[in-house]
Structure formats: structure tokens, C-alpha cells
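Convention: sequence-line order gives letters A, B, ...; per-chain numbering from 1.
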Amino acid sequence: MSLVLNEEQTLLQSTARDFLLTNSPVDEFRKLRDSRDALGYSAELWQQIADLGWAGIIIPEQYGGLEFGFQGLAAIIEETGHTLLASPLISSSVLSASALVLGGNEKQKNDFLPQLANGSITLALALEDGNHHDPLGVTTSANPSDGGWLVNGRKVFVMDGHSADQLILVARTSGAAGESQGLSLFLVDAASAGITRTRTTMVDGRNAANIELENVAVGADQLLGTVDDGWTILEPVLDRGRIALAAELLGSAWEAFNRTVEYLKEREQFGVKIGSFQALQHRASIMYTELELSNSVVMHAASAVDDDPAGLPAIASLAKARMNDVSKLVTNEAVQMHGGIGVTDELDIGLFLKRSRVAMQLLGDSGYHKDRYATLNGY
Amino acid sequence: MSLVLNEEQTLLQSTARDFLLTNSPVDEFRKLRDSRDALGYSAELWQQIADLGWAGIIIPEQYGGLEFGFQGLAAIIEETGHTLLASPLISSSVLSASALVLGGNEKQKNDFLPQLANGSITLALALEDGNHHDPLGVTTSANPSDGGWLVNGRKVFVMDGHSADQLILVARTSGAAGESQGLSLFLVDAASAGITRTRTTMVDGRNAANIELENVAVGADQLLGTVDDGWTILEPVLDRGRIALAAELLGSAWEAFNRTVEYLKEREQFGVKIGSFQALQHRASIMYTELELSNSVVMHAASAVDDDPAGLPAIASLAKARMNDVSKLVTNEAVQMHGGIGVTDELDIGLFLKRSRVAMQLLGDSGYHKDRYATLNGY
Amino acid sequence: MSMESLDQFRSEVRQWLADNCPVSQRTPAQPGEQYWGGRRAEFPNADAQLWFERMRDKGWTAPEWPAEYGGGGLDEAQAKILKDEMKAIAARPPLVSLGIWMLGPALLEYGNQQQKEKYLTAIVRGEHRWCQGYSEPGYGSDLAGVQCRAEDKGDHYLVNGSKIWTSRADVADWIFCLVRTNTDAIKQEGISFLLIDMETEGISTSLIELISGESEFCQTFFDNVKVPKENLVGEADKGWSVAKSLLKHERKLMSEMGTDIPSVDPRTIARDYVSYNAEGKIANSEIRRQLAEYDMYIQAVGLTHFRGFEERMHNIQGNSPLIMKYVGTEAERLKGEALLALMGSSALGWEGDEFSATEKQALRQWAMSKTLTIAGGTHEIQLNIIAKRILQLPQ
Amino acid sequence: MSMESLDQFRSEVRQWLADNCPVSQRTPAQPGEQYWGGRRAEFPNADAQLWFERMRDKGWTAPEWPAEYGGGGLDEAQAKILKDEMKAIAARPPLVSLGIWMLGPALLEYGNQQQKEKYLTAIVRGEHRWCQGYSEPGYGSDLAGVQCRAEDKGDHYLVNGSKIWTSRADVADWIFCLVRTNTDAIKQEGISFLLIDMETEGISTSLIELISGESEFCQTFFDNVKVPKENLVGEADKGWSVAKSLLKHERKLMSEMGTDIPSVDPRTIARDYVSYNAEGKIANSEIRRQLAEYDMYIQAVGLTHFRGFEERMHNIQGNSPLIMKYVGTEAERLKGEALLALMGSSALGWEGDEFSATEKQALRQWAMSKTLTIAGGTHEIQLNIIAKRILQLPQ
């Protein structure tokens, strides 16, 4: 465990910061949102990002990746939180890449990882059946047929699912909702017969797809990992996603906080800077303590992906629960402290508030992760 | 429902206030505590209180009571919170009197209510088997024997139980822990064979007894209400107790708050009154909003005892949960805002903190009552 | 009025409402279905018009105002009965109006006879739609920091400056404004309260989009706008008293937010959005707790509204009115967060058919709740007021 | 030091501890079992003496102090290894001492050669027990409001006044004091830092009982106390710098509260005090949540301690040290409340045999946690410091 970045990671992070501030400041995201862009992110920017190697940062070198480790990726994602970058980094480069790396066979890795790493395709994880994160509750069914399976069900809240080239479907091949045994993962072409994707437009201006699956035929070669045993891949994949989201939330919470502190120093009311009001100072200081604690928790979680797989579940839940709560606190306070201007669409601070609420729901809200943390700790 | 006191109730409350400030200010409680008084309250004062009619305030006139209604009693109990009065008002005059009024037969009422009202005897409700409030979880057993029962078990946290003349035992005559059916109430002389009472000294300086029950023989005439059906009496009795505790917590929270606001106006640091610090002002104002809301909730609950028996369970849980939380907030803040002097035993503010924690546990903590409130409201 | 005659009044009101309130007006109005009045107003439908006209003719668009100005002449107890009875059948307010809520009460206290006759009657009859001109850019909470200038030009004032958060100024007929008539005086002194016809030359407005996606508010610009002197309410330079009186009514209004406006209630929609365990409890205990805490808080706020009413009936001087803006908007904040927690990804929809109308409304409501703790005196200002006026802490 | 030699150091330390730490010294010390040193001290038992003497002879009562003053001469990385290895076998601190925690570091920075030799060595060897004379009655948080007067009488200062929160002044040998040497100067200026022998004529103490029932603290009175000038640390009138440097160490100490002191941990005792449902979860979901939130907070605090250490190792200038007093004592506050929630009526016992030692300790711990957020710079002072020093908000 190391709670400071090494030299290479520090360099990577500062490169990421410069790149994002130059090429993808918050204004770029605002334009994308206002134009109701069909893709939901900038294809051109995404290619630049892939060229920098970020899309393949955790992919082994033999499959065209950088093999740089998860802590570096988390450092980049934290920076994307600062500028509200919309990109398939979490859906494709964290969740899907991890699923392939952890569960794919040699052919699957060779077929998809190099393209994923160079940005020529994106993948998405189609997980949720309902409106609350519940991976064990999946009832989307995969029934044997012709030596393969027919998948039926409906997936919602699939990050970047409308534009992904390949989907990783989580379906139940046996067992009942609530059981980890019986889940299987399938890698399917998004254009396969029986798949209907509808893009949704969410409050954060990004997109998640609702996906109808009607007798989607998958062959044995499309199985990711072992039948019924998908959970052994899915759980660590989800924990990586949660840590990535925690890193993003950390970056955006810091950004919302920093902008608020700047505002407190500039804005005058009653003839003085509002930052001189002690009530606001104390609230800002309390937020600061939470953010400092969060730095440690998120960094620890990112390092645990590579260093402490056994401890990962509890560590990931600690990170996601904390960042959900801290992000909620900080974004609410940021808007409130900005006063009237804070609730106008013109100011960027509202964009942080909105993104926060979506990221809070993705891969588990606070209740989900506190419950999981307590269970993992034996109470 | 009325959320203002009528003239008579107002008069009663101001009489109570004057009486308590004169005869039982906080100093009196402190002396009682420091002397490790064996009774735990002043017998002389209790007789004066009984002479004022408070001990029998909810007892029908025909049994020597004032028959004044519960709202008047709650108004008095709120005042006792201000001066931290130690007395059997809740154990005997609320819980036990209610149990007799609601469940006693004519003989039982005639035998005990007049003496209870005139202060010559006190009763206590021996309910809890364990360290968390759990009336349905009672497993203290009452097994048939000789046309009566033999009671075995151990009761803890029995308010004023060490000095009561009569005990109301809650025991299980059938059914299993968790079931409301099968609980029965028995009225027994505290000096009966098989009863061993040990006084405990608690953090609030008051007393609650632990009581061993070893083959305590009770006759059919000692049954309060119907066998196995004790819950129909016990539940409304407990709700009255909860509302009484909520009223006490309201009074003591207001007192701790008022003393703190006074301190903020007097105390100087850095050359100014600390009450001029905006961070403290806002925290005080937030507490004030909670206390104003609490006034309405507690008054509503007290009026519901007589006016809305059907709504009582949810209303009582609303009141107790709220006052647990508000009292915790206010007493913590009161100590913190007093600074160093606040954590010395010399200052009274710590006594409010300590009483708060005991009253919070009596008849259900916040978790218990939030759970009950949610269940009663169908979620 | 005696209890007996109040009971009598209640049955009369109940009967009248049963006879006169069209059935279509007995469901919560969606935003587009409210009637706001004004020169440019059109009725959303024929029933709304019928209902408005019947209520107007009873004077019940402003039940407590004197009958001579077109009001209902009811006392507070009667007005509450009317309100309760309307609530019992979910009758819509026949007219939604800042004139009734805010300006009217201030005019009744500070207006001269001519102003009362001219403006109050027009308000009651839905002929004037008003907007509010208090805040200015750069002076959000600091209302006394008015910079908008009104120069005394003999028979008129010449107004220059701008106002922000002027709700629906783009469709309003009139604006009530705080303007600075004396630049030598400090802060509160030197402010006057002016009524300005929005059709006067030199006025322009631009809409402000909120994070909820709504654009209820405008910025309004005054460029050499001539306002007749007779439009001054109260004395020149002494407008601060009028302003404060009006703010009280705004706070009261804000504190009742959500009680009249149709809204998605987390308590009633829970069943459709969360799963329950075998005991019938919401399975996610954190969501259940959040719902219970909101529920318990809103109950306490409702009971406190009721207590405040009872205290006024009994001439008891209580402090609860000063906390209502804070706790009322705090309840809306808790409600918004509870909705998002309960509905999960279903409450994150901004637009499109993949989300139901209720789901999208829940989201907008959450976003709008962020405005409520700021508009009409921020949470912080409310806490300052409590600290100063009630707790009398040193300033 | 290279990683390799650190590994080497670690195995040496481990071996030495295995050989030298008596088994009886490998359990958390109850309060009465700690050795605080000083002229009047007695060892609680023979093993404690043996353990102290062995550690003293290694210099490891103050591992990071220079060997010339009796310290261990270790660098921070080595000191952490020693600490970790002691923790691994639950070895007690051989000597508990305000001299080591607070005065020593300040003397190392500001003391002259003679003072270092005289006092540091005595501290390391447990010969002097120190107490702290900072706060004064009426000036709790306002440390610069020092009123305790030290008049310059040529060869000595004449001290008059009193100090409060002087921990165990009744058994201490020496006190380090902030005194006012210049009444014309304002606030921070004119304060000096004096070392005073508690046996000097004119000093008296009285114990203060806390709400936890403990009496660790005293008020100490100075009545014409003569203090030799050589006991002045740093320059006259410039004691504020010494004081601030020392406060940093106090904050650090407070932030680590609970990590070395044996305490009832809600996570480990839960099983004995609450019931669990069929799934193995604590049945009362509110108690479960409170436990989880405490658990998650203390994890975050622990990781931040570790991060701060790593940053110092890498010469990274971080701000985390300035938050540690706040979050460390906040964790203790959460722990105290979690204990009461978990243990229910079992944690409400003040005295007597009906409550176990653990139960009574839990209660005292809760009460003591109320002191921690006040002593050593209140929560409010910590937040002021963060606002000023880190966020640089306008004052």
C-alpha cells in the first residue's frame, strides 16, 4: 500500500490535468450537453485520449495496453472529475476492460483488447435490471438453446450503452435473484438481432441506455468466464468501477469546493467578503476535512486493486459510500453558498451538483455500500 | 387536537414551574446525587408533589385522582425536565397509573389507585429483559402453578424499581419472543418471596433496579387485564411513558439550550462576546428551529393520548424519536459551546447531557422508534 | 366568532364548494394549468374560468381582504375553514398571484386610499399580474444594498438600474420595486417602494434559466423609466418598512411551499420504486430511514403551522412564524433528496419518453428545492434573523 | 535510510522487543498501570520498571530525540518501525509523558544548550514529570489572552496569577507556562515561555472534577512565585512562537488519541450487546448504521495518518496535519456515541457491581470524548485554523 503517487504516476496525473484543462474544460462539456450530441461525448477527443494510452492503461502490454496499473488510471479519472469530462473511460476502459482482462479467454482478449486500447471500439457493461443497483438481483435470463443461449430481459442505466460496439450482458443461467451462483457474462455485438437500445438523457447531460433483449442468441464462444460463475469476475469488475467512480467524485467534489472557496473570497454582501462570515468558514473547513480524508481513502482503494484483492470489496465500498456522501454534502453546499447565481444554469456549479447525483447512483448508493461494508466486517 | 394549552393547563404549568424552581432547583438534584441518597429522590418533596395532586393527575376522581387529562401531566413533566427533578412521576404516576386505569379490575383500582394518587405508595413497571428496549422480546416466564403462576426471569433498567412498593411484572404466559400474544401483566408486592432487587447507579445520578425473579408466586387476582392479552394494555401504557419522556426531554433540552444562549451572551473570548460569532449563532438558530418543531410535536402527542388513541402509536414514536435526536443534538452542542467549563462536573450543563442519554434509552432509542414509525406508516 | 357560528360557517362553505367547484378543478393543478391572471392571461380551460369567476364573485380569491376592495372579508378562523374545506376536496386555488400573497398585505398596511382602491381590486379580480423587484445583481441577500436609482423629477421619478429574480417579469403587468431615492443616506434609509407599470417605456426583461430547467425568473432592466409620483407607496426614503412588512408575507408564503403546489410525495410513491422485505419493510434500510426522517420532519412542520395558527387565534405571541421559512424549505430539500434516493436511476431523467412524467417531475422538484433554500431570504439569512430577533445574540 | 537497511532495522527491533519486553507489558495498560515518571512516581509493578529501564537505556522512551540528550536518535521512518513493531505485540509505552510529547520538541527547537541538557535528559529518563500551563480561567480558547503576570525583578521573575487545565499539576514536578511579561504590548506580543519548578514557594493546586468523573486536571495558582531568569525559553516577550510550536505537537498528540490508549472499541464489543438477524446483520438498522459510519470514519482517519507519514517521508508538503486534531477527536466523539447506542442501558452505569468494568469504561470513554473536542484547541478553533491557514478565507 502506498498513499503517495510515485514519480511516473505524478507525471501522468499532471499530464492529464494539463490535457483536460486545454482540450476539455467544463465549457466543452456544456456545449456537448446543449447540442444534445447524439454520441454524448466527443469522438475526436476520445481518440486523442486513446492515443495518450488512457483507454488501455490497465490492459497488459501484450494486448496493446500500457499495463500501468490501476492507481494511475484512478489518478486520471480524478482529473476528469475536475472538468466533467464525458467519455467512455469508466464504462469501457475500466469496467469492460477489467471484465475482459479478468475473465476473457485468449481469443476474446486478442479480439477486443487491442481495439479497446487504441480507441477503435468501445464496450459497455449491461448490468442493471432495475432502478436500484442490485447485481445479485439480476433476473435477465439466458436459457440454453442450440449449444448456446437465448437472452431475454431489459437492462437500464447502461453507461454509454447506446453507442458501444460490444455489450457485456449480465444474465442468469441458473439460480434465483439474490444468489451469486448462476450469473453468467456474455460478450455480444451491440448490433445483434433482438437488441433494441434507447438512449436516455439524464440530468447530468450524459447518457445511459435502456436496452431490450428479446431472444438474443449467444454462442458458447461469447461466454466470458465460466457459465454460472460470472460473479467471480463481476464482483471485482464492479469494485473497480466503484473505485473509478469514487475517484471521479473526488475530483469533482474538490473542483466544486475550490470554486466555492474562490467565490467566498470574491463575493461581497453587506459590504464585506462573504468568506469572512464565520458560519460559512466553518462549513467550508468541515468540508475540507472530509475531502482530505477522502484523498486518503480513494488513493488507498485505487492501490488495493493491484495490491490487496482480498480486501478489495470492503475497501471499494468504503470508498464509494464515502464519496457518495461527501459529494452530496459538497455539491449541496457549493450551490447554497453561491446563492442565487448558484441555482442558475449559467453557472457551472449546478453541473457538478447534477453529475454528483448520477454518479452517486451508479454501481451503488450509500445505503448499498454501508450495508455491504457492515456485512463484510461481520456485523 | 389542540396545540395550545387551555387556561387551566396554563395555570397548572406555571404553578409547576414556580413550585419546582422554589423547591427543587437543579442544586437539589445535585445534592441528592452527591449524597448517594438511598431512595434516589426526596421523599418529602414527593409527598408535596402528591399533595399538589400531580401523582394522581390522570387518575379518575372516583379513585382519588384529579382526572385532569394527560396534556396537563405532560406540561408538568416538561417543567420537571427544566430542573432535572428526580421523582417517580414517570414510573409510578404515568406508567403504573396508566396500567391500572387501563387494565385493572375494580378491586385492583380501589386497592392501589387512591394510595398511588395520595403518594403513600409507588409502583414500578418491570419490563425489560435486556439492554435494549424490546417489549415484545420479553422471555421472563410465568408458568401455571396452583391456580396462579410462577414467574422466573431477570428484569433490568426498572425505573425506581428498587423503592417501589408494588411491581407490575411483564411476563410471557405463552408464545415466543417477538409475539405480542402471550404477554401478561402481574401486580406483585415488591417484598414477595423470590424477588431480589438491586439498585444500580446510573450516569444520570438516578436509579433503576435490576430485579431477579425466582419462582415468584402470583395468584389469579394479581393478573392485570386478561391472560396472554397484556399487550393491549402494555402498548398504550408504553406510549404514554414515551410521550412523558419526550416531554421531559423537551423541557431539559430547552433548559440546556437557554443556559447555553445565556452563556453565549456573557462569555468573552478574543475580546468579544462569543455569541457574536456567526458559526455559533447559526448552530444556535438551527437548534432553536428544532426545539420549536418539538414543541408542536410533543404537545400534539400529549393531546393525542386523550383525543386520538388510534393514532397514538405513530404519534408517540414520532415524539420519542424526535426528542431523542433533538436532545442528543442540543446537549452535545450545549457542552461543546460551554467549552472547558462545560466538561467540568461543577457546571450543571453536564447533568443535562447525562440525563439525556438515559432518557434516550428508556422505552426505545431513535432506531427503535423510527423503525416503528415507518412500519406503522406502511413502509 | 363563536365555535357555533364557525361550525355553521363550515357547513355553508362545504355546501357552496360542493355546488360550485367544477369536478375538473378538484385535482392538483399541473404548472400549466394554473391561472395567474393579468392583462395577457388566458384561462387554461372553461372550468378554470368558471371556478375563478365564482370564487372572485364571493371575494374568495383573497378571502381575508376587506369586502370593499373585492376581498372576502373573512377573519383568520373563517379563512382557515375555507382553506381546509378546499383542501378536503383538493380544490385548486382559483387564482395564483404574487399580488394576493405579497403586495396586497403590504398595501393594506401602507397604501393610501386611492392606491388600495386601484390596485387591490384589480388584484382580487385577476386583472393585474405582479412581479417583485427586490434583489439586484451583486446584492442577493443584501436587500438594503439597493442601487437601482429613482431620481425625483418633480412630478415623476426617473428610474435606472436593474432587478434580478423578478419572477415571470416577462408576462407581468406591474412590478413592485425597491429603489434608491437618496444616495446620501446609508443603507436602509433612502430606499423607496415604487409600483411600476411594466408597459412603461424603457423596461426590458431577459429570462434566467435555472438548474431545474425552468425559467420562472428574469432580470429586468430600467432605462430612464418615468414613474408617476402617485405610484410611491408610503413615504419617500422610508420604503424599507414597506419592504420588511412584505418580506414577512414572502417568508410565510415560502414556508408553505409544497403544501399547495402539486408535488411528487416520496411517501406515496415509495411502493413503486423500492423493494420490500418479507416483513413489509423497505429492504434498503438507509432509504427507509431517509424516508422516515423526511416524513417525521414534514409532520413536525405541519403541526407547527397548525400551532402557529392556533396561537394567533388565542392571541398568543409565539416565535414560530420566524422559523417557518427555514423549516418549510428545509422540508422541501429533504423531500427532494428522499425522492432521488427512493427512485434511484428512475429519478435521473432530464427529458424524453424513457422516463414517466412523475419521474421527470420528481427530478425537477429536487432541483427546484435547491432554489427554495436561497430565494426569499437564504437559509443563512433566516438563521441570522433567528439569532438576532429571537435569541438576541450580540451582533 | 535505504529500504534494505530499514528492513534490517525492523528485524533487529522485532528481535530486541521479543527478547526484552516482559509478557505482562504486552497488554493495553489500564489507566492505573501507566508509568508517568517524576520525582514522586512509583512503578506499578516490577515488570513495568524492568521494561522502562530497558527502553530508557536504548533511548527509546524518546526514539527520535538526539542520543546526546538520552534519546534514541532514530529518524522518522525508523521511529515508525519501532512504533509498528511495539504495536504488533501490543507493547505498552514504557513512559507516558507530556515532557516527551510536548515540551521536548519545543525545547529542541527553542531551548538553549544548557536547557536542553538539563531538561531533555531528565525527561527521557523519567525523572521529571511535566504539566502544561497555557489556558487561564476566562481565556479558554483565547490563549493569547494570557493574564498570568511575570514581573522582571532583575535576576528572577515574580509570577502571579493562575492557570487552568494543568493536567495532573498535583503530582507534576515542573510546569511549562505562558506568562505575560509586558502589559503594554498587545495580545501575542509580550508573552514569555517559562519553566517553573512546582516545588517553588507560592504554588498551589486544586483538582477539577470532569463530567467523566475523572480529575486529571487542576487549577494552579501562583502567588508571588520567584522563577530564575535562566528558566526562560527563547526570548522574553517572544514566547508566542515557542507556544505555537508546542501547540502543533499537542494537536498531533490529540489527533492520535485513542490509538495508544486502551479503549472499548464498538466494533469488537458489538456481538455482546446487540442482537443479530438471520442474515447475521445487527437487527437494529440504526445502530448498525451508526457502527458502520464510525468504522468507516476511523478507517479514513487512520489512512490519513498513514498518508501524512508517507508524505513526510517523500518530502511532500501536505495539509493533512492541520486537520488531524479535528478528525481524530471527531472520531472519538463518534466512537463514544456509537458505544452508547450499541450497549444500550448496559453503558449507562456510573458505579457499582451491576455493570462490568468494560461497561463502566465505555461510559467514561463517552464522557471523556466530550473533553477531547474542547481540550487542546476546540473544534471551533481547529475550523478557524483551517479556514485561515489552508483556505485563506478573509478574516
Heavy-atom distance under 4.5 Å to chain B: side chain of [X], backbone, both or neither?
X: D/Phe355; value: side chain
X: D/Ile381; value: side chain
X: D/Ala347; value: neither
X: D/Leu363; value: side chain
X: D/Leu340; value: both

Please list every donor-acceptor pair closer than 3.5 Å that links chain B with chain D, giving the two atom names and the distance for each.
residue, atom, partner, partner atom, Å
B/Arg36, NE, D/Glu351, OE2, 2.5
B/Arg36, NH2, D/Glu351, OE1, 3.0
B/Asn131, O, D/Ser345, N, 2.9
B/Asn131, O, D/Ser345, OG, 3.3
B/Asn131, ND2, D/Tyr273, O, 3.0
B/Asn131, ND2, D/Met343, O, 2.9
B/His132, NE2, D/Tyr273, O, 3.1
B/His132, NE2, D/Leu342, O, 2.6
B/Arg154, NH2, D/Glu354, OE1, 3.4
B/Thr201, O, D/Trp350, N, 2.9
B/Val203, N, D/Leu348, O, 2.8
B/Asn210, ND2, D/Glu354, OE1, 2.5
B/Gln269, OE1, D/Gly140, N, 3.4
B/Gln269, OE1, D/Ser141, N, 2.6
B/Gln269, OE1, D/Asp142, N, 3.1
B/Gln269, NE2, D/Gly138, O, 2.9
B/Phe270, N, D/Asp142, OD2, 2.8
B/Arg283, NH1, D/Glu380, OE2, 2.8
B/Arg283, NH2, D/Glu380, OE2, 2.9
B/Asn332, OD1, D/Lys370, NZ, 2.8
B/Asn332, ND2, D/Glu337, OE2, 3.2
B/Gln336, OE1, D/Thr373, OG1, 2.6
B/Gln336, NE2, D/Thr373, O, 3.1
B/Gln336, NE2, D/Glu380, OE1, 3.0
B/Val343, O, D/Ile211, N, 2.9
B/Asp345, N, D/Glu209, O, 2.6
B/Lys354, NZ, D/Ile211, O, 2.5
B/Arg357, NE, D/Glu337, OE1, 3.3
B/Arg357, NH2, D/Glu337, OE1, 3.4
B/Arg357, NH2, D/Glu337, OE2, 2.6
B/Gln361, NE2, D/Leu340, O, 3.4
B/Lys370, NZ, D/Glu286, OE2, 3.3

Can you list the residues that meet the side chain to side chain contact (heavy atoms under 4.5 Å, CB included) rule with B/Ser87, with sequence neighbours excluded? B/Trp46, B/Leu85, B/Leu89
Of the backbone (N, CA, C, O) and the side chain (C-beta and beyond), which part of B/Phe270 lies under 4.5 Å from a heavy atom of chain D, both, or neither? both
What part of B/Leu362 gets closer than 4.5 Å to chain D, counting heavy atoms only: side chain, backbone, both or neither? neither
Given the options D/Gly145, D/Ala367, D/Ala341, D/Gly213, which has more heavy-atom pairs under 4.5 Å with chain B than any of the others?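 Among the listed options, the one with the most contacts to chain B is D/Ala341.
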Looking only at non-hydrogen atoms, find the nearest pair between B/Val343 and D/Ile374 and report the distance.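 Scanning both residues, the minimum pair turns out to be CG1-CD1, 3.9 Å.
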